[in-house]
Amino acid sequence: MHIPTPPLDLEHARDASFQAAVASESGQCLASCYQCGMCTAGCAYTPDYDVPVHQVMRLVQLGLREQVLSCRAIWLCASCQACTTRCPNNIDVARVMDVLRHMARRAGHAPEANVKTFADSFLASVARHGRVFEAGLAAVFAIKSGRPMQDAGLGLPMLTRGKLALIPHEPTGNGKAEVAAIFARFNRFADQGAGRHSHDDVQRSGTPKASANTPKARSDTAKDSAPTTEDGQ
Amino acid sequence: MSDATTTNLTLAYYPGCSQTGTAAEYDRSSRACCAALGVGLVDVPDWSCCGSTPAHTVDHHLAGALAARNLIQAELTGHDRVATPCPSCLAALRTASHHLAEDSHPNGAAQNNASPGDADPNSRTRPSFRSQVERLLDRPAPLRSVAVSVLQVLVEDVGVEAIAAAVKHPLTGLRVAPYYGCIMNRPPGLMAFDDPENPTALDRVLTACGATVVDFPFKTECCGAAFAMPRLDIMQRLSARLLDMAASCGADAIAVACPLCQMNLDLRRGQVNAFSLGQGGIGHAMPVPYFTQLLGLALGLPESGLGLDKLVLDLRPALAAAAERTAEAQKLSAQAAQAQKSAKANGKNGTGHGPKPGCKENTPCA
Amino acid sequence: MRIGVMVCHCGNNIAATVDCEAVAAAAREFPDVVFATDHMYACSDPGQGTIEKTIRELKLDGVVVASCSPRMHEVTFRRAVERAGLNRYMFEMANIREHVAWISLDRKRNTEKAIDLVRMAVEKLRYDRPLTAKSFEVQKRVLIIGAGVAGIQAALDCAEGGLDVVLVERKASIGGVMSKLDKTFPTIDCSVCVLGPKMVDVGQHPRITLHTLSEVEELSGYVGNFEVTIRKKTPYVDWVKCTGCGACLEKCPSRKVPDSHNEGISTTTAITIPFPQAIPKRAAIDPTVCLHFTKGTCGVCKKVCPADAIDYDLKDEVVTEKVGAVIAATGLDLFDHRKCGEYGGGRYPDVITSLQYERMLSASGPTNGHIQRPSDGAEPKTVVFISCVGSRDRSVDRPYCSNFCCMYTAKQAILTRDHIPDSRAYVFYMDIRATGKGYEEFVRRAQEEYEVQYIRGRVAQIYPLYPLAGPEGNQLVVRGADTLLGVQVEIKADLVVLAVGAESAHGAPALAEKLRISYDAYGFFLESHPKLRPVETNTVGVFLAGACQAPKDIPASVAQASAAAGKVLALLSKDKLESDPQIAQVQAMRCIGCGKCERTCPFGAIRMRELRDGAKRAEVVETVCQGCGICSVTCPVRAIQLAHFTDSQLLAEVNALCRTWTETTGS
C-alpha cells in the first residue's frame, strides 16, 4: 500500500525562476520568509488546508512550482489578512496567496472547483449587471455546484424579510455598459496574453501532471477564467 | 465636532451591492444614523460593483479597474472622501487607491516588505499597476478620492462624545459583543484605522450608546466570509466558534459592521447551529444586529427606518431581557443602599451582578 | 628629493588582477623616484625590512607603499620608515587593493589605475613635510557611565589598576539588570550572590566616587583631559545622615507605587530603598508620587526618621569632574510588549515578561520565590514561554537577534520545573541560539532532564479560554504553529512568559551625542571596528562596555568591561599623550575673524581669540581637533590648512591624475 517517497532531487525538481516570478507579480520578497509559522498559527483556515501557509511559502522559496500551484490551500485562503497583519517580515502573505491562485488558474488547476465556480459566477453576474445580483448568483451557483438544496432553506426567511431582491439593481446610467466594457477588455487582453501564459506554463511545468494538465481541464479553464457570458438569467 | 447637528460634514457615499439586497437594513440604518448625526451623504452616481473578494482572487488589475471606476464616479460628487458601510467594498476601494498611489511614485516608500535585495527583478520590464488598470478602464485612473468606513466617519469625524450627547434612549444593560470582522482594520498599513489586533472604535460607539461592551477576544477573527456557498462546512466551523465565544462572554447580542459576517451569523444561524449540535456543542439564539441599528435605536430613530424587521433573529427579546435585568439591578442596589443606610453591616455593594455563562439568553435553541 | 616605491602583491589579493611588476616599472619613471620594487607581502617582516634597508642604503627622503587601505597598515609602515630614521609623515600609501584589485577583473585597466594611484601618491609625497606630534598631560581618572555589571566590573578593574574612578548611575542603586535576576545560565548560580560582593566592593573602594540618581549632562574636552558635568538628582534625603534603617518605608502612606525593581508586579512606597542589597543603601523619595510633593499634605517620613535625614527642600546638585577617559556602560532596556496586540498588548494579567517572571522566581522578589499567576495568585501548572518577542521582527523594527533570550528562556523553563515539579513547560522558538560555553548542553538539559517541551513555531494569538470564568480556572489559549509537523497547536496555559528582546537603553542616542560617539539605527553605540577595535569608539578616549554596544549576556558584558578597563589603564599609564599633528592650522594673517569655522566644527576645536584691537582670529585647540577638515573647506578666505592635507598637497595629486588623462587622450 505504502508508496515510497524518494528523496527530492532538488536540482532537478526546482524551477529557479518561480520564486522571482511570484516576487514580481506580488511585489513581495519571498526570500525574507524564515519559516516561523506565524501565518499558519493565526490562519483560520489551516485546519482546511492540505498545505499550511508557511509551507506554501517554503514551496515557493524552493521553486517547487507544480506542488504549489496544484494545492488546495491557495483556493481556501479567504484573504482575511491575519497572516499579512502579523508577518514579522512584513510579507503581504495574502497577496502572495492571491498571486499563486492567479498562476494556478492560468496553469489550469482548480482543485477546489466550487470556490473557483463561485468567484467566476460572481464576476459573471457583475459583468452582466454592473453589480452583483445576489439572487441570480445564488441560483447559478446552486446549479453549477451540483448542490442545489444546500441553501434552499434560506429562501423563505429572506423573502419574508424583503431581503431577496428578485430583480437586479443595476447602475442607473452608463455603469452597466462601462463595467461590461472593463470585462470585455480584460478578456481580450487575457486572450492576447494567453499564448504567452500557456507557453510559460508548458515550458516551466517540468514533468506535467496528468490530472491537472489534461486538455480538458485546460479548455475548461480558458472558458471559465473569462467570466463574461454565463449568468443563467 | 462638539455639536453633531451643526457639523458641516458631507461625504460621497458608496452603498455596495449587498446593501441593495441582503443587507438593505445596513444601508438604511447607516443613512439614518448619519443623517441624525449631521453627516451628509451624497450617493456616488451610477455606482457599480467594487469587485469585492472574487475580483482580486482572479486578477489584481481587474480588481483595480472595477474599484477605480467607482473612485472616478465618486469624484463627480465633489467630495474626495467616499464613505461605505461595507468592509469588503472598503478594502477593495482602498487597495485600488493604495496601489495606484504607489505607482505614481516609482521609487516610493511603501513598495514591499523592506527586503534587502531587489524583490521585484522584473519591475522595470513589467507594466505598472496604474497603466494596466488604465488600460482596462480605457481612461486615466483617479488618485484624489479615498474610501473610509462609515464607522470611521462616526468615530473620527463625529466623535463618540457627540454620539453620546445625541443618545436619547441608552441601551442600558444590553451586553454586546463587538465584532469587527477580519478586514475592517487589517492589514493596518492599508486600512490605517484603529488597532489591528484589538480595535476599539465599535466598542466606543456602543459604549456611547449606553450598552455594556463585553471583552470579546475574537473581534477580528474570520467568520468564513464568502465560503458559505462554496464550502459551507468551513463557514459553519468558523462562525460556530465566534458564537460560542460571544456566549461565553455573556453577550446578549453581537454587533457587526460587515454584511457578510451578518449573513453568516444571522441568516445562516440554522446551518451554524446544526453544525454545533452535530459536534456535541450547543446552538445559540443571540441576535446579530448591525451596529448602526443599535446606534439608531439609541439615538431614538424610528424602528422602521432601521430595518429591525429584516433581522432573522429578533433583537427585541434581548432588549427586553436587558431592560429587565437593569430594573432588577436598580432595585437591588436601591435595597442595598437602604440596608447600608439603616445599619452599617457588611460591605456588599450592588455591582456584583456580572453575567453568568449559560444564563437565559444563551441557552441552546433548536 | 629621493623617493622609494614598493608595490605589494598581497599574496594573490592584488597580484591576481594587477601587474605589480609593471606598476613598479612605471613608478621608476616618476620624478624623484630613485627606487621601485614589488614584494609578495610588504607588511611582512621581510617586507618592512626591505623598506628600512632601502631607506638607509639609498638615503631616501620618503617612501610610497602601494598596497591595502591605510586603515589597515598605515601605522605599520609609518613605524617602519621611522625606524629607518625618517619622519613618519614622509610616507604615502596608495590603496590598490580595495580601490583597484577587488573591484575589477580587468587586469590591463587595473594596472593602469594602480599606476595612476601610485603617481598621485608620489606627487603628494613631494610636497609632504615632516610633522611632529606635541605632548600633553593627562588626568589619571576615568568616568564610567552606568553601574550595571559591566560598569561595576570596569570600575573595579580600573580602581585596582590605580586609577581614580567616577561612577555615574541613573538609578538610586547600582546593580543594573543583573541585580533583578534570580539565577544565571548556564550554571544556575544565584545572580545577586555573585553580583552583591562586587557591589559592596564598589561602595567601599577608596578610589571609586559613586554618583547614583545621577546623569551626565555634558562632556567637553578631549582624550586625557575631559571635563564632565553631572546632575545629581536629589533624593530629598540627606544621604550622609541616612542609615538605611527603613523606618520611613514602614510608615509611608502612599503604598501603591509600582515597584520598578520588581518590574511593576508589586507595589512599593513613595520613599523607598530599591532592594535589600542596594548600594548605596539609602532611602530616596519619588516626588511624582509622594503626597508631600503632589498634595502638600504628608510629612510622615520626616517625623519618623531617627536620623533626621529627610529634607524636602533639598535641590538637585550639579558637579563637575575632570577625567582622562570615559567608559560608556549604559546597558539595555527591554522591548515593550504592549506593541504586540496579538499577545494581548498588556491587557491580560497572566501574560508577563521574562524579567517580571525573573522577579517572581527570585527569593528576594515580591512573591518570595513562589511562582504565582498575577490574576489570582494561583500556582500555574502549564507555563508557556514565547521566544523572540520584539527580536528578529521587522514588523516592529527590531530585526536583530537579542542574543541571550534563548538561554534565559531555557533557564526559566528549568526553574519552572524545579519550583513546581508537576508543572508543564512549553517553549515556542524559531531557532535556538546557544553558542556560548556550556550553553548548548544547558538547553539539552532543559529538554532531556527537565522535560521542557520545545515547539518549533511562533505564536499568533493569545486569548482567554472562557472570558467569564473569572479568576478561578481561567486559562489562556495560546495558539501557535508547530512548523515541524505543519499543524496549528493550541495550549491552555495558566501563565505565559514573553521572552522580550533587548533594546538600547532609554536615552542612549542623546548620551551618544554628548559623548560625540556614533550609534546605530536602534540606539546601540558603535565600536570603532567590529573585529579589531571592539571596545574603542571613533572618539579617542571613549570606550564601550556591555550591552550599550549590542545585546550581550553577563559573561560577554563582563569580558568587554575588563577589556575596556585594560584599554583605559594602558592609555592612562602614560604621563603624557601625543597629539596627532594632522590637524587644522590657522594662518592668522589671512583670517578675517568671520567665525564660520567655529560654527561648523563638530568637535568644538576652534575658538575665536580677541586681539588687542578688538579684531577676532580663529584659533585651533590642537588637542581637540580631530583633523576632519570641515573648517578648511568652510573658510571663505582659505586661511585654514589641514596639516598633511594642504591645498598644495591635494592639488599635486589632482594634477598628477589630470596629466595622465590629458596625456592618454592626447596621444
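Residue numbers start from 1 in every chain, and the chains themselves are labelled A, B, ... in the order their sequence lines are given, proteins ahead of strands.
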So CG of B:L66 and CZ of A:R131: to nearest 0.5 Å the spacing works out to 13.5 Å
Less than 4.5 Å apart, side chain to side chain, heavy atoms only: is that true for A:E178 and B:S48? no
Residue from A:N114, A:V22, A:T160 scoring the most non-hydrogen pairs under 4.5 Å with chain B is A:N114
- Message: I'd like to know if the side chain of B:K310 reaches the main chain of A:G162, judged simply by a donor and an acceptor atom lying under 3.5 Å from each other, with no hydrogens or angles considered.
- Response: yes
When the 4.5 angstrom heavy-atom criterion is applied to A:A138 and chain B, the contacting part is both
Okay, A:T172 and chain B: the region with an atom under 4.5 Å from a heavy atom over there is both
Of A:S145, A:S79, A:P157, the largest count of non-hydrogen pairs under 4.5 angstrom with chain B goes to A:S79
### Task
Evaluate the criterion side-chain contact (heavy atoms from CB on, under 4.5 Å) for residue pair B:T22 and A:M158; output intermediate values, then yes/no.
CA-CA 8 Å; B:T22 48; A:M158 288 177 80; 3.2 Å; yes
Turns out that what part of B:D59 lies under 4.5 Å from chain A's heavy atoms comes down to both
Residue from A:A165, A:C77, A:G130 scoring the most non-hydrogen pairs under 4.5 Å with chain B is A:G130
Nearest heavy-atom contact between B:L311 and A:R161 is O-NE, 2.9 Å
Separation between NE2 (B:H60) and CG (A:D98), nearest 0.5 Å, reads 3.5 Å
Worksheet entry | Close side-chain approach of A:E134 to B:S18, heavy-atom, < 4.5 Å | yes
Checked B:L190, B:T220, B:D138 vs chain A; the most non-hydrogen pairs under 4.5 Å come from B:D138
Okay, A:L76 and chain B: the region with an atom under 4.5 Å from a heavy atom over there is both
Rounding to 0.5 Å, atoms CD1 (A:I182) and NE2 (B:H61) come to a distance of 14.0 Å
Quick one: do B:R237 and A:D48 satisfy side-chain contact (heavy atoms from CB on, under 4.5 Å)? Show the steps, please.
CA-CA 10 Å; B:R237 179 172 59 79; A:D48 307 298; 2.3 Å; yes
From the list A:C83, A:P47, A:A31, the residue making the most non-hydrogen contacts under 4.5 Å with chain B is A:P47
Looking only at B:C17, B:A228, B:A65, most heavy-atom pairs under 4.5 Å shared with chain A are made by B:C17
*Would a 4.5 Å heavy-atom cut-off, applied to side chains only, mark B:H56 and A:R95 as touching?*
no
Closest non-hydrogen atoms of B:R231 and A:V115, given as atom of the first, atom of the second and distance, are CG-CG2, 4.3 Å
| message | Before you tell me yes or no, could you show the steps for B:Q271 and A:L154 under side-chain contact (heavy atoms from CB on, under 4.5 Å), namely the whole-Å CA-CA distance, both residues' side-chain angles and the distance that decides it to 0.1 Å? | response | CA-CA 9 Å; B:Q271 293 172 335; A:L154 305 181; 4.2 Å; yes
Given B:T57, B:I183, B:T20, the one with more heavy-atom pairs under 4.5 angstrom with chain A than any other is B:T57
Do B:L62 and A:L123 come close enough that some side-chain heavy atom pair is under 4.5 Å?
yes
Correct closest heavy-atom pair for A:T85 and B:P196 would be CG2-CB, 3.8 Å
Okay, B:E25 and chain A: the region with an atom under 4.5 Å from a heavy atom over there is side chain
If you apply the rule side-chain contact (heavy atoms from CB on, under 4.5 Å), what do you find for A:F122 with B:T53, and how did you get there? CA-CA 10 Å; A:F122 183 100; B:T53 308; over 6 Å; no
If one checks every heavy atom of B:L137 against chain A at 4.5 Å, the contacting part turns out to be both
Scanning both residues in full, the closest heavy-atom pair of B:D46 with A:P171 reads OD1-CB, 3.1 Å
Within a strict 4.5 Å, meaning less than it, do heavy atoms of the B:R268 and A:D151 side chains meet?
-> yes
When the 4.5 angstrom heavy-atom criterion is applied to A:L164 and chain B, the contacting part is neither
Between the CZ atom in B:R186 and the CZ atom in A:R86, the distance rounded to the nearest 0.5 Å is 5.5 Å
The residue among A:F118, A:W75, A:Y45 that forms ring pair (Phe, Tyr, Trp, His ring centres under 6.0 Å) with B:F227 is A:Y45
Turns out that what part of A:R147 lies under 4.5 Å from chain B's heavy atoms comes down to side chain
When the 4.5 angstrom heavy-atom criterion is applied to A:C87 and chain B, the contacting part is neither
One should read off an interatomic distance between B:L232 CG and A:Q150 CD, to the nearest 0.5 angstrom, of 4.5 Å
Applying a strict 4.5 Å limit to non-hydrogen atoms, the region of A:E112 in contact with chain B is side chain
